[in-house]
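Contents: one structure, followed by commentary.
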2 protein chains.
Amino acid sequence: MYWQKDIETMPISALQALQLQRLKEMVRRASTSSYYQQLFQEHGVTVEDLQQIDDIHKLPFTTKQDLRNGYPYGFLTVPKDEVVRLHSSSGTTGQATVVFHTTHDIQDWANLMARCMYMTGARKSDVFQNMTGYGMFTGGLGFHYGAERLGALTVPAGSGNSKRQIRFMKDFGTTILHIIPSYALHLLSVFEEEGVDPKTDLCLKTVYLGAEPHSEHTRRRIEGALGVKAYNSYGLSEMYGPGVAFECPEQQGLHIWEDSYFVEIIDPQTLKPVSDGEEGELVLTTLTREAMPLIRYRTRDLTSVCSEPCACGRTHKRLSRIKGRSDDMFIVKGVNVFPMQVETVLMSIPEVGTNYVIELDTEEEIDVMTVKVEVQSDFFLGDVKGLKALQQKITAALRSEVLFTPRVTLVEPDSIPEAQGKAVRVIDHRQQH
Amino acid sequence: MYWQKDIETMPISALQALQLQRLKEMVRRASTSSYYQQLFQEHGVTVEDLQQIDDIHKLPFTTKQDLRNGYPYGFLTVPKDEVVRLHSSSGTTGQATVVFHTTHDIQDWANLMARCMYMTGARKSDVFQNMTGYGMFTGGLGFHYGAERLGALTVPAGSGNSKRQIRFMKDFGTTILHIIPSYALHLLSVFEEEGVDPKTDLCLKTVYLGAEPHSEHTRRRIEGALGVKAYNSYGLSEMYGPGVAFECPEQQGLHIWEDSYFVEIIDPQTLKPVSDGEEGELVLTTLTREAMPLIRYRTRDLTSVCSEPCACGRTHKRLSRIKGRSDDMFIVKGVNVFPMQVETVLMSIPEVGTNYVIELDTEEEIDVMTVKVEVQSDFFLGDVKGLKALQQKITAALRSEVLFTPRVTLVEPDSIPEAQGKAVRVIDHRQQH
């Protein structure tokens with residue numbers, strides 16, 4: 001039931017003692033990087049200031065911008081020839097960032113991933129089809145190494161080529177998928193086209209949904225159509241990648257591995273901690289990383305933390321479903337909107353299909369939000385009255401969520417282009433934003 | 001200088017003794033698979049028939065068609081839950097094939113790759129940019145694991161996105177590339193566009209060319225433009241993938257690792273062995289594989305073997321540059337042509353650019369071969385007379401190689417679409433072939 005029982009069920013006091021010890025070690029190590037050396041000096045903090053775990057508040061935050069400023073070697077704490085892997089962002093939205101790993105880090109990461117997968121029932125007898133891109137995207141190699149550590153049979157399918165993916169599932173008796181949620185929704189329509197009923201024709205039992213925030217309705221829809229349990233995976237490349245937090249079979253939040261990460265939730269405006277259960281920005285400190293420790297890293301992901309005991313027996317805190325990244329938020333008519341709010345509404349309506357996109361425009365200096373929604377194929381072939389009624393139903397549901405009236409356009413199935421990798425949910429045509 | 005000196009420089013008699021011992025073990029193991037059990041029975045052979053290494057000729061060949069017939073589990077010799085990886089062909093040209101690996105196999109493969117890379121001077125201080133696709137393509141994960149075993153810094157760049165690739169080379173001081181030769185040629189023009197001189201602006205010293213047969217002229221062109229030594233890598237997914245044979249710094253053929261593979265060259269018609277130095281089809285027997293031993297596998301690759309001592313001190317035989325796969329050969333006007341013959345001619349002409357394609361048509365029941373050739377950009381902007389002369393020069397050079405007159409069309413740089421992955425060199429429009 002547990003991959004590492006002693007760690008996963010460690011009493012909270014022991015866990016906190018371990019965290020303090022590791023935090024000190026991390027700060028000591030971080031101080032040897034050129035970037036933190038200077039940052040800690042500027043803030044006048046040293047490892048001696050850490051007498052108890054709450055003293056972490058004395059340390060400065062690290063931001064994405066810091067990573068950019070320190071690019072490429074500013075955060076490195078080991079000689080370059082000790083580094084065996086790097087993962088770099090694309091740099092399409094500004095200066096790129098990079099994260100380095102030693103052999104220890106790669107093994108540590110694989111172990112965390114194996115822990116996540118084992119928690120959901122994955123064993124060496126499983127057949128694991130890894131349906132995300134490999135290479136720089138940390139989701140691909142992250143899960144790949146975890147499955148290998150577990151000893152499961154890994155099918156390194158990579159992304160795309162849905163028909164071939166389905167053939168692999170059939171031919172090799174795939175039991176577990178790792179897939180991006182928007183692609184999972186798309187795959188449902190390919191199953192239909194191919195005349196494959198995933199519930200009876202395949203051996204699937206578990207799906208890992210990663211890399212994109214997604215709604216509970218999206219999860220339930222995927223679970224229902226595939227006849228599986230779908231688990232939420234959370235991570236970010238600034239940490240190792242996936243393996244930061246993962247759902248247990250209770251599906252009541254994602255256990256964040258506190259032996260490896262110190263978790264804080266802050267108010268992104270005041271930067272003060274918020275209470276248990278209150279939403280804010282997730283801040284993470286690595287506790288075991290060798291090549292590149294990060295101290296109080298502001299993830300920009302919005303969530304809340306729950307410290308209540310979990311029925312699964314694990315003592316590690318749980319994160320609630322990620323609402324989105326603060327960067328993803330957009331403002332329409334003065335209202336803050338997260339794409340996840342729109343998705344939650346859409347996926348709760350059964351007639352809605354598997355893809356959608358939000359377009360933002362300015363008309364006569366007024367913001368207009370248009371939501372293009374694919375409709376289920378059965379329903380789309382029905383009468384016009386039904387479509388009109390559906391359009392009104394979606395509009396009303398969205399209005400009650402975002403508090404202004406969006407335009408809703410219904411389109412036929414598969415008419416919105418599929419993304420390669422993470423889905424693009426918002427297209428902003430406005431001049432200034 | 002050697003990754004495993006004892007093995008790489010093993011006296012030939014000792015190597016042959018090791019081969020015989022391992023061959024027996026392999027045949028014993030293979031006999032436990034359902035496919036070989038039956039095949040060996042049909043041929044009336046058992047491991048007892050192997051008294052000396054030449055007795056391998058008593059064993060039947062294994063072909064691609066056998067792999068198809070045995071799909072998916074016919075060749076497996078371990079319980080399914082001992083398998084940790086599979087690589088499957090796309091199955092676009094018929095029934096798919098699949099190769100399975102245990103943890104031992106993955107480690108064995110990584111070790112062979114590390115041996116290859118170390119042989120060419122790669123060390124843990126190197127920065128290795130892996131520019132091929134990951135996932136099912138064995139070249140990506142094969143080199144990735146080898147570099148990791150070596151302790152080099154791996155940049156898992158994956159394929160495509162040339163500008164980002166060049167940024168990585170600059171930012172991380174990449175010293176070694178793994179790249180498909182047709183993509184390497186394409187990259188030369190991107191360097192030019194980006195105003196980057198790879199010889200002075202980068203730290204490159206070594207390039208591994210794999211996955212496609214390519215000519216010596218192609219290699220020299222890449223070496224000259226990048227200021228590197230380029231090494232030929234040979235492998236096939238039916239074995240582990242890359243790591244079967246690799247060039248040493250002498251660049252006089254590819255050492256085939258005889259502790260892991262037993263090599264034969266046969267006449268593809270008579271199936272009889274050919275002499276040292278004589279061209280024929282490469283036949284390989286795995287000597288260390290656990291999940292899925294293959295006995296006398298007909299690779300369809302055409303090459304010759306050289307048993308002469310090599311100046312590098314390694315005792316393992318050398319393969320000559322792969323001429324092509326017997327499947328790649330096409331017949332025009334009754335003449336057998338390999339794409340490699342055309343490439344060899346083209347790449348020896350300095351005015352020829354970085355891409356070409358061969359198109360085959362039928363006109364009035366006669367075969368026509370048209371070679372579309374990109375011209376170097378400087379030259380393309382020159383006068384028409386020069387282009388006309390170049391066209392005649394290429395036509396004459398091709399005619400003296402293939403012994404009929406092809407049509408040659410000169411096109412401007414970058415006008416032939418780049419392949420994603422292996423280049424498509426021959427487009428056959430003929431009705432029957």
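Computed from a predicted structure; not experimentally measured. Every chain is numbered from 1, with letters handed out A, B, ... down the list of sequences.
Between the side chain of D201(A) and the backbone N or O of D197(A), at least one donor-acceptor pair lies under 3.5 Å. Counting only distance, with no hydrogens or angles, the side chain of T286(A) and the backbone of L294(A) share a donor-acceptor pair below 3.5 Å. E238(A) places no side-chain N or O within donor-acceptor distance of the main-chain N or O of V99(A), the cut-off being under 3.5 Å. Remark: side-chain polar atoms of R85(A) are not paired, donor with acceptor, to backbone N or O of H101(A) under 3.5 angstrom.
The 12-atom threshold is not exceeded at NZ of K80(B), counting heavy atoms of other residues, nucleotides or ligands nearer than 6.0 Å. No more than 12 heavy atoms of other residues, nucleotides or ligands lie within 6.0 Å of CD in Q38(A), so this atom counts as exposed by the packing criterion.
Only the side chain of R164(A) comes within contact range of chain B, with heavy atoms under 4.5 Å apart. Only the side chain of H87(A) comes within less than 4.5 Å of a heavy atom in chain B; its backbone stays farther off.
Ion pair K163(B)/E193(B) not flagged as a salt bridge, since none of the NZ, NE, NH1 or NH2 atoms sits closer than 4.0 Å to an Asp/Glu carboxylate oxygen.
The candidate from G158(A), S88(A), A157(A) with the greatest count of non-hydrogen atom pairs under 4.5 Å with chain B is S88(A).
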Legend entry - Test side-chain hydrogen bond (donor to acceptor under 3.5 Å, both in side chains) applied to Y208(B) and T120(B), step by step: CA-CA 9 Å; Y208(B) 301 135; T120(B) 64; 2.6 Å; yes
Legend entry - Evaluation steps, side chain to side chain contact (heavy atoms under 4.5 Å, CB included), between M239(A) and Y297(A): CA-CA 9 Å; M239(A) 304 294 113; Y297(A) 182 72; 3.9 Å; yes
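Identified by a heavy-atom distance below 4.5 Å to chain A, the contributing residues of residues 141-155 of chain B are L141(B), H144(B), Y145(B), E148(B), G151(B), A152(B), L153(B), T154(B), V155(B), in residue-number order. Below 4.5 Å, heavy atoms of chain B meet heavy atoms from K124(A), S125(A), Y134(A), G135(A), M136(A), all part of residues 121-138 of chain A.
With contacts defined as side-chain heavy-atom distances shorter than 4.5 Å, the pair F75(A)/T97(A) does not qualify. The shortest distance between side-chain heavy atoms of Y2(B) and Y118(B) does not fall below 4.5 Å.
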